[in-house]
2 protein chains.
Amino acid sequence: MDEKDVTILSAVARLGTGSAEKLSEETDIPTSTVHYRLEKLRERGVVTNDLLDVDLEAVGLNITVITEVTAEYSEQYHDDVGEALADVEGVNQVYFTMGDTDFVVIAHLSSRGMVERLIEDYESVDGVEQTSSKFVIKTIKDEPRPLNDFDPETLAALLQPDATE
Amino acid sequence: MDEKDVTILSAVARLGTGSAEKLSEETDIPTSTVHYRLEKLRERGVVTNDLLDVDLEAVGLNITVITEVTAEYSEQYHDDVGEALADVEGVNQVYFTMGDTDFVVIAHLSSRGMVERLIEDYESVDGVEQTSSKFVIKTIKDEPRPLNDFDPETLAALLQPDATE
DNA sequence: AATGAAATCGACCAGCA
DNA sequence: TGCTGGTCGATTTCATT
């Protein structure tokens, strides 16, 4: 797992494709090498399926932080603050919620140092009033393909318009 | 977007592959039809890239609920409760956290009725003491490929062992 | 729009540097 | 380990229903 592997995986994420040819163009790494590397990554379990889902532990992103953020009230602020939070490095999900806290933010990181920077980044966003973070001790479930959260039968019913209420 | 589409997308999620042949075997839908359908789904924006990421809105999963769950204290309980929460239909992520609340659970649903059932399901899990849910008004970011949350340069540094502290 | 068969393209494996 | 060329197999298209 060296820099070349990361370059490839990063390109996979960016381009949203697993095509060796396209990845080769993007990374300037020869087509067959891309193949070879992806194969190895599969063997090592870093990449878990044909759709190139990446094992977070395997790439060192083994710290997950869930943060609740409250912001000054203003419609414009909320949009801006949300975007700013989403832009913080390592942030994976940002939800604007109803209730006492305004945003829920989930981030994946690889070191304690990065966590500190993360919190600092949150608090330096203009309009942010308060943040409250929880560390994740154990990720029990994190399903990249939400359709897997349902029985096939339930899914079938999902899109019948009459299931909407 | 009929039942056949859902059958295919469900098989994609389950098998973790986009291979028309494998999907055909699984679903008993002819190979070329699988192709044809996936192509249409791409055109309509339901499927967003080669890696077959699915647009949640497009499949009708436009409600997101974030729930904090507290459970009776006991090591065994925590494992069991976590698993039970993960098994609830629609649940996408389950985190065991340190702090005042024990679990944070995120679910994607398609109707108010399903939300009510979700909460009931949570509260009927043995060992669960309290639940507190937030509705998501707007999903500002939800990145299926966490490597995209980082600059390529940062990523390169990620796996240098000396970046661990 | 769905299917089966035929054509095309890209993946994969040998061997070589 | 990284690269090149050839084979094979899968994908995609086309004509038909």
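Residue numbering restarts at 1 for every chain, and letters A, B, ... go by the order of the sequence lines.
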Check for a donor-acceptor pair, side chain of B/Asp55 on one end and backbone N or O of B/Glu57 on the other, with a separation under 3.5 Å. yes

Within residues 9-29 of chain A, find the residues that approach DNA chain D with a heavy atom at under 4.0 Å, and present them sorted by residue number. none

Using atom types as modelled and distance alone, determine if a side-chain donor or acceptor of A/Asn92 lies under 3.5 Å from a backbone N or O of B/Glu143. yes

More than 12 heavy atoms from other groups under 6.0 Å of CG on A/Asp151: yes

Rounded to 10°, tell me the angle between the two end axes of the helix from C/dA1-D/dT17 to C/dA17-D/dT1, each built from five pairs. 30°

Any N or O donor-acceptor pair under 3.5 Å from the base of C/dG4 to the side chain of B/Ser32? yes

Lys/Arg N to Asp/Glu carboxylate O, A/Lys22 vs A/Glu26, below 4.0 Å: no

So, for B/Leu155 and B/Leu147, which heavy atoms are closest and what is the spacing to 0.1 Å? CD1-O, 3.7 Å

Short side-chain N/O contact from B/Thr33 to OP1 or OP2 of C/dA2, under 4.0 Å: no

Using a heavy-atom distance cut-off of less than 4.0 Å, which residues of residues 35-54 of chain A contact DNA chain D? A/Tyr36, A/Arg37

Ion pair A/Lys40/A/Asp5, N-O distance below 4.0 Å: no

Using atom types as modelled and distance alone, determine if a side-chain donor or acceptor of A/Thr64 lies under 3.5 Å from a backbone N or O of A/His108. no

Separation of C/dA1 atom P from B/Met1 atom CE, nearest Å, is 15 Å

Any donor and acceptor pair, going by atom type alone, linking the side chain of A/Thr97 with main-chain N or O of A/Thr101 inside 3.5 Å? yes

Describe, in one word, how the ring planes of B/His78 and B/Phe96 are oriented to each other, choosing from parallel (under 30°), tilted (30 to 60°) and perpendicular (over 60°). tilted

Test item: A/Asp102 side-chain N/O and A/Ala71 main-chain N/O as donor-acceptor pair under 3.5 Å: yes

